Amino acid sequence: MEYISIIILAIFVNNVVLAQFLGICPFLGVSNKISTSVGMGGAVVFVMALANLVTYLVYNYILVPLSVEFMQTITFILVIAALVQIVEIILKKLSPPLYQALGIYLPLITTNCAVLGIAILAIKKDLDLVMSVVYASSTAVGFTLALIVMAGIREQLELTGVPKGMKGFPIALVTAGLLSLAFMGFAGII
Amino acid sequence: MTNIQQFTKGLIKENPALVLLLGMCPTLAVTSSAINGLAMGLATTFVLTFSNIVIASIKNFIPDKVRIAGFILVIATFVTIVDLVMKAWAPPAIYNALGVFIPLIVVNCIILGRAEAFASKNSVFHSLLDGLGMGVGFTLALFVMGSIREVLGNGSILDIKFVSQEAKTILMFVMPPGAFITLGFLIASVNKLKKA
């Protein structure tokens, strides 16, 4: 039951993009086409779950025993950057088709603040290892959901007459605002 | 470019948040009130200025291949300093409102962007001016954004209420949807102003 509520909260109620404003850059950057947003979403789910697993272990078994918790920011960003590199190398060797599909999105993820943000939030919330990974993967699913919905809307938006001044970025932001308004409707379900 | 121009270009012409469209996450997330926007802007300015100074001074010692990792390490150091200082001395309400977005200054693209595009190629003094200008420009954008949202959503400015307690305000503007919509219209207005 606890897991179900974490999953629903992370995907719908506290949607990482539309309610917590994490990962806005990839959200606006790669949401032009549905196919690219599916690829990006897949890569984010994979990396975020892995990042939370590793940062949990690093925090609890290295930083806490040495009582250098204030090094959290530096350590986490290095761990995540290294992790993305390693995942890229391993994928290239083991599964070329998967690498083809996710490859170009992987380097972009290092700059995705959602990965670092969720790792820090999981530590702040005092989640245990399994819970932390579940939290990260469902958050990433929420990210993917928002990305795909947004891409669907933007594909339609291309064909409509948008006022000249609002073209491009401004209309995308207003669209995101309306989406966020719609997601606020989920607030009561848990 | 003169020294003055190095500083002023970040204010409006190359404003990081409204023209270069960098650092969107904090711009949207912490601007529910003018004071929060201001605090976030100042914290970012500090990190931006000092990381620019340090990176400009050590640029000749960092091997080209690992420069990005080196930059991130320098930035993360200053972010940790800001985090600890704010935890100790900033009012708890502001520290809690900014929350996870203080450590996330590390991944703010403005800072790494300026390190890579400016500080790694220019003198220490020019990098200082650039960092300061970009930081003040970012602070300005956050402050304007926070003021608009606070006025519309809460009927107050800098926590001073100018409508009666019972008056109904447009609550949506202090909530997440208001952030997206305000920024959308703000960027559209800046685009219009730039063309005129």
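Bear in mind that the values here come from a model prediction, so they are computed numbers and not experimental data.
Taking chain A as the reference chain and counting heavy-atom pairs below 4.5 Å, the highest number among A76(B), C109(B), P176(B) is found for P176(B). Per-residue heavy-atom pair counts under 4.5 Å with chain B were compared for A182(A), A176(A), A19(A), A172(A), and the maximum is reached by A176(A). Among G117(A), G177(A), G168(A), P163(A), the residue making the largest number of heavy-atom pairs under 4.5 Å with chain B is G177(A). Your options are S189(B), A188(B), C25(B), G99(B), and the one with the most heavy-atom pairs under 4.5 Å with chain A is C25(B).
Proximity of S33(B) to R149(B): side-chain heavy atoms (C-beta onward) are nowhere separated by under 4.5 Å. Taking the side chain as every heavy atom from C-beta outward, E150(B) and V174(B) never approach each other to under 4.5 Å.
For K164(A), no part lies under 4.5 angstrom from a heavy atom of chain B. In this structure, chain A has a heavy atom under 4.5 Å from the side chain of L21(B), while its backbone stays farther away. Proximity to chain B is limited to the side chain of L78(A), based on heavy atoms less than 4.5 angstrom apart. Residue contact with chain A, scored on non-hydrogen atoms closer than 4.5 Å, involves the backbone and the side chain of V100(B) alike. Q20(A) touches chain B through its backbone: at least one of N, CA, C or O sits under 4.5 Å from a heavy atom, while the side chain does not. Heavy atoms of M184(A) lying under 4.5 Å from chain B belong exclusively to its side chain. Contact of F169(A) with chain B is made through the side chain alone, with heavy-atom distances under 4.5 Å. Interface remark: L28(B) contributes backbone and side-chain atoms alike to the contact with chain A (heavy atom separation under 4.5 Å). When heavy atoms are compared at a cutoff of 4.5 Å, L116(A) approaches chain B by way of both its backbone and its side chain.
A salt bridge links R67(B) with E116(B): the closest approach of a Lys/Arg side-chain nitrogen to an acidic carboxylate oxygen falls below 4.0 angstrom.
Between A119(B) and N52(B), the shortest heavy-atom contact is CB-OD1, 3.5 Å.
A donor-acceptor contact shorter than 3.5 Å links the side chain of K161(B) to the backbone of N154(B).
Both V82(B) and W89(B) are assigned to one and the same hydrophobic cluster, defined by single-linkage of ILVMFWY side chains at heavy-atom distances under 4.5 Å. Under the 4.5 Å side-chain heavy-atom criterion for grouping Ile, Leu, Val, Met, Phe, Trp and Tyr, F118(B) is not connected to F50(B) through any hydrophobic cluster.
Below 30°, between 30° and 60°, or above 60°: for F186(A) and F12(A) the angle between ring planes is between 30° and 60°, a tilted geometry.
Here F21(A) and F180(B) bring their ring centres to under 6.0 angstrom of each other.
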